Novice: 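Before we start, here is the structure in question, set down as structure tokens.
Throughout, a chain's letter reflects where its sequence line sits, starting with A, and its residues are numbered from 1. On a predicted model such as this, the values are computed, not experimentally measured, just so you know.
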Protein chains: 2
Amino acid sequence: MTLKLDKVNRGPHLSTLVASSISREIAQGRLKPGDQLPTEQALATTFGVSRNVVREAIARLRSEGRIWSQQGRGAFVADATNATVLTIDYETLQRADSFRNLFELRGMLEVQIAALAATRRSDADIAAMEQALDGMRTAPYGSVAWLKNDLGFHRAVAEATQNPYMGQFLVFVSERVRESILAAGNQQKSDDMARTTLGEHERILAAIKAGDVKGASAAMTRHLAGAASRVGLPGGEASAKPASPARHSRLRKAMRGQAAG
Amino acid sequence: MTLKLDKVNRGPHLSTLVASSISREIAQGRLKPGDQLPTEQALATTFGVSRNVVREAIARLRSEGRIWSQQGRGAFVADATNATVLTIDYETLQRADSFRNLFELRGMLEVQIAALAATRRSDADIAAMEQALDGMRTAPYGSVAWLKNDLGFHRAVAEATQNPYMGQFLVFVSERVRESILAAGNQQKSDDMARTTLGEHERILAAIKAGDVKGASAAMTRHLAGAASRVGLPGGEASAKPASPARHSRLRKAMRGQAAG
DNA sequence: GCTTGTCGTGTTATCATACAACCCTGATTT
DNA sequence: AAATCAGGGTTGTATGATAACACGACAAGC
């Protein structure tokens, strides 16, 4: 497990290995923005693969905005801000602080989205939320169907903002959070949890239905606090509300260590 | 005259065209999750390109989590939630409502981030913000250096939350907003704007420095409202520019026979 | 001196072909 | 009937070749 990757470890495709190898060179600063990559032929020989595989890796990195290439000149490392895609790789997801940070981001989005949804929801949006809630009622807690409807509810809330990017971002973050939970693997189920969770959702729906902005965000905040405790996070800090101000120095130190990874 | 070359020629690669074509088929529902894609050979002949090009496109879509493939079987459309990357394609960016929606999302993030930053900022974070502000003071309004420091300020605020994902998401959204502004192409500069914008930033910094949560979010809200009016958002909207006439090259011929886009 | 045109070299973009690894199906064998 | 094996189809990889393009060197012309 200490071995990072040299030959056959992760991706079943050689192009994946080549791509992550180059990607790591960039992330760790051995290839700086503006630097020219070795030629495809050179990369092919150094990696011991065909030029075709190298090209697939390059195509992938180019689509991610990490590099750009021009015919006749070569391939160059792009500026970090030019990344056209937002991606969170699987490895960092498995870290405990990543989980907490992602959850915090999700909470920030959810609370604001709930407030916005309360002002813009349509009848169709309400119907979608109710349908998702029904799906949760009939499915066992924690089952695939339950999770699907849970996500569906939150997506319906996001779509009630009439802003498609809200749902897009929220689903993306939520899926990362879910993967992170699965990676941690510490979830215990009980009928009690099912009832509590359902009740939280119902309160959110009621507030949105009533057009109660403050009530919607408050209900969502409570739901997130409950969800946090259910997955073993220290509670109510999920919202954007300030928590204990005394702890930020210790927290900062922890974050500095992470930034190096 | 200052020559602007920001408009990069988006993907003159055949693999890019093939990838977005397949991607569109998925997005518009003609290819549903679980469906099997045509074979690489079939795609190559229908697109009129070599199988190599198709493979680069497939590699790209696979890295985005849109499809998955298995040797000996074929390639299949993945579930939408399995997407490992969040991407906003260039075409939708040019629509006026996309701009407005993105701006709204950015504002939601910024305001919450500012509030959180006011509770968690460190001395180093403050220093980074001040440095960015200095950079804005010495650069002409709207110049590359000015924009760089503007983004740097907001990134510094995001990093003051001690949550790396905040900066990651905010920068991503902000860059899309900026591209969207460039696509619209209607920005007028004045020294007045420079002073106003700087003042708004200074108030944000002061509130964060003082640990004033409500003040920080209020100052950020004001800044965003000002920025919105400066890019002509509230009453008038960013004009939707018609697509520039595509240069006629051999490449486009490969796209014929493809569903109308 | 300076510009302009041409050419050669190196690199990427694309094409074409071949083989290996693998999956699936169905006939053959046990 | 069950296990085995052969065959075709598909993706994964390798290899070689050609076209398009960039860039510097060099010579020709002013």
Novice: Between atom CG in A:L37 and atom C1' in C:dT12, what is the gap in whole Å?
Specialist: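 Taking atom C1' of C:dT12 as the reference, CG of A:L37 is at 13 Å.
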
Novice: Between B:H154 and B:H201, what is the ring plane arrangement, given parallel below 30°, perpendicular above 60°, and tilted in between?
Specialist: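 Answer is perpendicular, since the angle exceeds 60°.
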
Novice: Once rounded to the nearest 0.5 Å, what's the spacing between atom CZ of B:R176 and atom OG1 of B:T87?
Specialist: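 One finds 8.0 Å between CZ of B:R176 and OG1 of B:T87.
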
Novice: For the residue pair A:I22 and A:L43, establish whether any side-chain heavy-atom pair is separated by less than 4.5 Å.
Specialist: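 Sidechains of A:L43 and A:I22: in contact.
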
Novice: Parallel under 30°, tilted from 30 to 60°, perpendicular over 60°: which one fits the rings of A:F169 and B:F172?
Specialist: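 The arrangement is tilted - the two ring planes meet at 30° to 60°.
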
Novice: Do A:R106 and A:F103 form a cation-pi contact, if we require the NZ or CZ to be under 6.0 Å from the six-membered ring centre and within 45 degrees of the ring's axis?
Specialist: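 Output yes; distance and angle both within limits.
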
Novice: Are any non-hydrogen side-chain atoms of A:V54 and A:I58 less than 4.5 angstrom apart?
Specialist: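 They are in side-chain contact.
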
Novice: A:F47 CZ to D:dG12 P: how many Å, rounded?
Specialist: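 For the pair A:F47 CZ and D:dG12 P, the rounded distance is 19 Å.
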
Novice: Does this structure show an ion pair linking A:R60 with A:E56, if we count only N-O contacts that are shorter than 4.0 Å?
Specialist: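 No salt bridge links A:R60 with A:E56.
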
Novice: So which of residues 62-73 of chain A are in contact with DNA chain C, with a heavy-atom cut-off of under 4.0 Å?
Specialist: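 Those residues are A:R62, A:S69, A:Q70, A:Q71, A:G72, A:R73.
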
Novice: Do any N or O atoms of the protein come closer than 3.5 Å to N or O atoms of nucleotides 13-15 of chain D, and which pairs are they?
Specialist:
unit_1 : atom_1 : unit_2 : atom_2 : d
D:dT13 : OP1    : A:L14  : N      : 3.0
D:dA14 : OP2    : A:S50  : N      : 2.6
D:dA14 : OP2    : A:S50  : OG     : 3.4

Novice: Take atom CZ of B:F76 and atom C1' of C:dC24, then tell me their distance rounded to the nearest Å.
Specialist: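 The answer, rounded to whole Å, is 11 Å.
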
Novice: Are more than 12 heavy atoms, taken from residues, nucleotides or ligands other than B:Q131, located less than 6.0 Å from that residue's CD atom?
Specialist: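 Result for CD/B:Q131: open.
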
Novice: Could you state the CG-P distance from A:L17 to D:dG12, rounded to the nearest angstrom?
Specialist: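 About 13 Å, once rounded to whole Å.
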
